[in-house]
Amino acid sequence: MSTTSSSAPIACRFGELPAATVELLVLPWFEGETPAAFASLDEATGRELSRALGSGEFAARPFETFVTPLRGEGWSAQRVMLIGAGREAAFTVGLARRLATAAALVARNRRVRGLGFALRPGQAAPSGDVDVAGLAQAIAEGLTLAEFSSSAYQTSAPGTGDLPQLTIVIPDLRDSSPESPARVEGAVQRGRVLGESTNLARGLANEPGNTLTPREFAARASSIASQGDVSTEILDETQMAALNMGMLLGVARGSSEPPRLMVFRYAPADLKTGPVLALVGKGITFDSGGISIKPAEGMDKMKDDMSGGAAVACAMRAIGILRPRVRVIGVVPATENMPGGRALKPGDVLTSAEGKTVEVTNTDAEGRLVLGDALWYARQLGATHLVDVATLTGGITVALGRTTSGIFGTPDWWVDHVRRVGDRAGDRMWPMPVFDDYRDQLKSEIADMINSAGRPASSITAAMFLKEFTGSLPWAHIDIAGTAWADEARPFMPKGATGVAVRTLAELPFTTDAWK
Ligand code: BES
Ligand code: MN
Ligand code: ZN
């Protein structure tokens, strides 16, 4: 599969909707709106709009669509698609992002060649404080997310060669917003980069374990990150041994594929001081469980156990293109977790690079082992603020389901900040506790700690384990085991890898004003 993205820019068209010369004009429509507000559009549809709204064929519930031809009469588009936007009072930037994806997916299915998405700010507009640039960015992200395709291995699947040309149509909002067209255009191109980076991470996570080995993961991640101003260093097992990374090497022992540790660096040339943000991602290219082997049912899905690592690599790409004024490093430990003849055994004791010893009570709790050494290494490289992302525990899906990631860490202001950035980026998270009391569950008879404390609060004890390797730096841990993969298709998200956390990680370095 290709790791480069050659997507065409999204065009911005400023001006009133009737003048938009696109094949399909997509218009978000709020519940209860009457055609009177768009009388000339209704006219151009031969009053199909009135009819569909009157009959209830189209009720504007979120993601409902209605397509009808336009017959000139002042309107330049060939057809219009109304997409339900729900109640105007409940409209959010997050919904706009999803509507854009849903509309573009419908357009793709209909083989539309050119799509224009109308930016409608909703109720916020009259108050004059609507962030048109933020809305335009989210729409650009959403449109781009619809370009993702997971059919790379289907020999008869249609290619992505004929993706629709994308335009965002921005009506004159001068009364309601002070945004300059240049700022809005910049936001759209920013959204394009963030959407592409999300899609690249989805491509990596969808990739099967036999092709995406740790070495191949490192090679592709490096080529993706280098699309931005990012340097990549790939450490092999000899270098890991020199760093005493006993936990990472311990997990890798059961596999005949050698492990790799990716280090990405972004640093504005003139910036030698200030914070260093470290993004750390779990990169298990296949998790069989090791000797504590998983049941056969659903094990195929464990190819996505590198989703956190993919999120870090692809966020680094976005960061390298968008160029924030802060240094950022990415660290991704990559290995398989396999039950080979030399594999880690339950009861084995490992020594981490930090020096702490760990009794391995369950070889399937491998993520925290590789991340422990990676977090330590991020600190050695000068990190001042830590964020890790991992498909770490099945327990987080029990707690929060498949729509919301768990966020853990300390201090609270840092965790809250990461959560708020994630909210805006469309990655919903909810805070989980890391009370000291939970640390007792990790007590070992013979080592400093055990790696697995069983089912009670399993997501929290996993986080407590990671905490041992964070020094006293601000640290947030995002457990994406429930959100990295969509089992069910939704209007705005096909089945498969979701690309969760990419945009959150990429936006974080632009928020340093709020850091302590
Ligand atoms: N990669 C899994 C977590 C996971 C499970 C992700 C299901 C997605 C879906 C992780 O390495 C793991 O096996 N965790 C164990 C830990 C346990 C042994 C303490 C778990 O959560 O069951
Ligand atoms: Mn596991
Ligand atoms: Zn795992």
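Reckoned from all heavy atoms, side chains included, excluding hydrogens, waters and symmetry mates. Here the structure is a predicted model, which means the values were calculated and not measured. One-based numbering, in listed order, for ligands and for the atoms of each.
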Discussion item. Under 4.0 Å from a heavy atom of Asn362: which atoms of ligand 1 are those, numbered in the order shown and with their elements?
Written reply: 18 (C)
Discussion item. Using a plain distance cutoff, I'd like to know if Thr393 has any nitrogen or oxygen under 3.5 Å from a nitrogen or oxygen of ligand 1.
Written reply: no
Worksheet item: Listing residue and atom name, which protein N/O/S atoms are closer to the Zn ion (ligand 3) than 2.8 Å?
Response: Lys282 NZ, Asp287 OD2, Asp305 OD2, Glu366 OE2
Worksheet item: So, Arg428 side chain and Asp423 main chain: donor-acceptor pair closer than 3.5 Å or not?
Response: no
Worksheet item: Are Lys303 and Glu336 ion-paired here, with the side-chain N under 4.0 Å from a carboxylate O?
Response: no
Worksheet, complete the sentence: Counting from 1 in the order shown, the ligand 1 atoms closer than 4.0 Å to a non-hydrogen atom of Glu366 are 11 (O)
Item to complete: Determine whether the side chain, the backbone, both or neither of Arg368 has a heavy atom under 4.0 Å from any heavy atom of ligand 1.
Response: side chain
Worksheet item: Are a donor atom and an acceptor atom from the side chains of Thr391 and Ser307 found within less than 3.5 Å of each other?
Response: no
Item to complete: Would you mind running through ligand 1 and noting each atom that sits below 4.0 Å from a heavy atom of Lys294?
Response: 2 (C), 12 (C), 13 (O)
Fill in: Within 6.0 Å of CZ in Arg110, more than 12 heavy atoms from elsewhere
no
Worksheet item: Between the side chains of Ser352 and Asp373, does any donor sit under 3.5 Å from an acceptor?
Response: no
Item to complete: Assess whether salt bridge (Lys or Arg N to Asp or Glu O under 4.0 Å) is satisfied between Glu207 and Arg220, documenting all intermediate values.
Response: CA-CA 11 Å; Glu207 195 73 11; Arg220 293 196 200 185; 3.4 Å; yes
Discussion item. Does atom NZ (Lys301) have a neighbourhood of more than 12 heavy atoms from anything else shown, all under 6.0 Å?
Written reply: yes
Worksheet item: Less than 3.5 Å between some nitrogen or oxygen of Asp287 and one of ligand 1, yes or no?
Response: yes
Worksheet item: Counting both backbone and side chain atoms, is some N or O of Gly394 under 3.5 Å from an N or O of ligand 1?
Response: yes
Worksheet item: Which of the atoms of ligand 1 are close to Ala481, meaning less than 4.0 Å from one of its heavy atoms?
Response: 6 (C), 8 (C)
Discussion item. Can a side-chain donor-acceptor contact be found between Asn451 and Thr361 if the only test is distance below 3.5 angstrom?
Written reply: yes
Worksheet item: Taking the six-membered ring for Trp, are Trp515 and Trp414 ring centroids under 6.0 Å apart?
Response: yes
Fill in: Proximity of Asp364 to ligand 1 by residue part, where a heavy atom lies under 4.0 Å
both
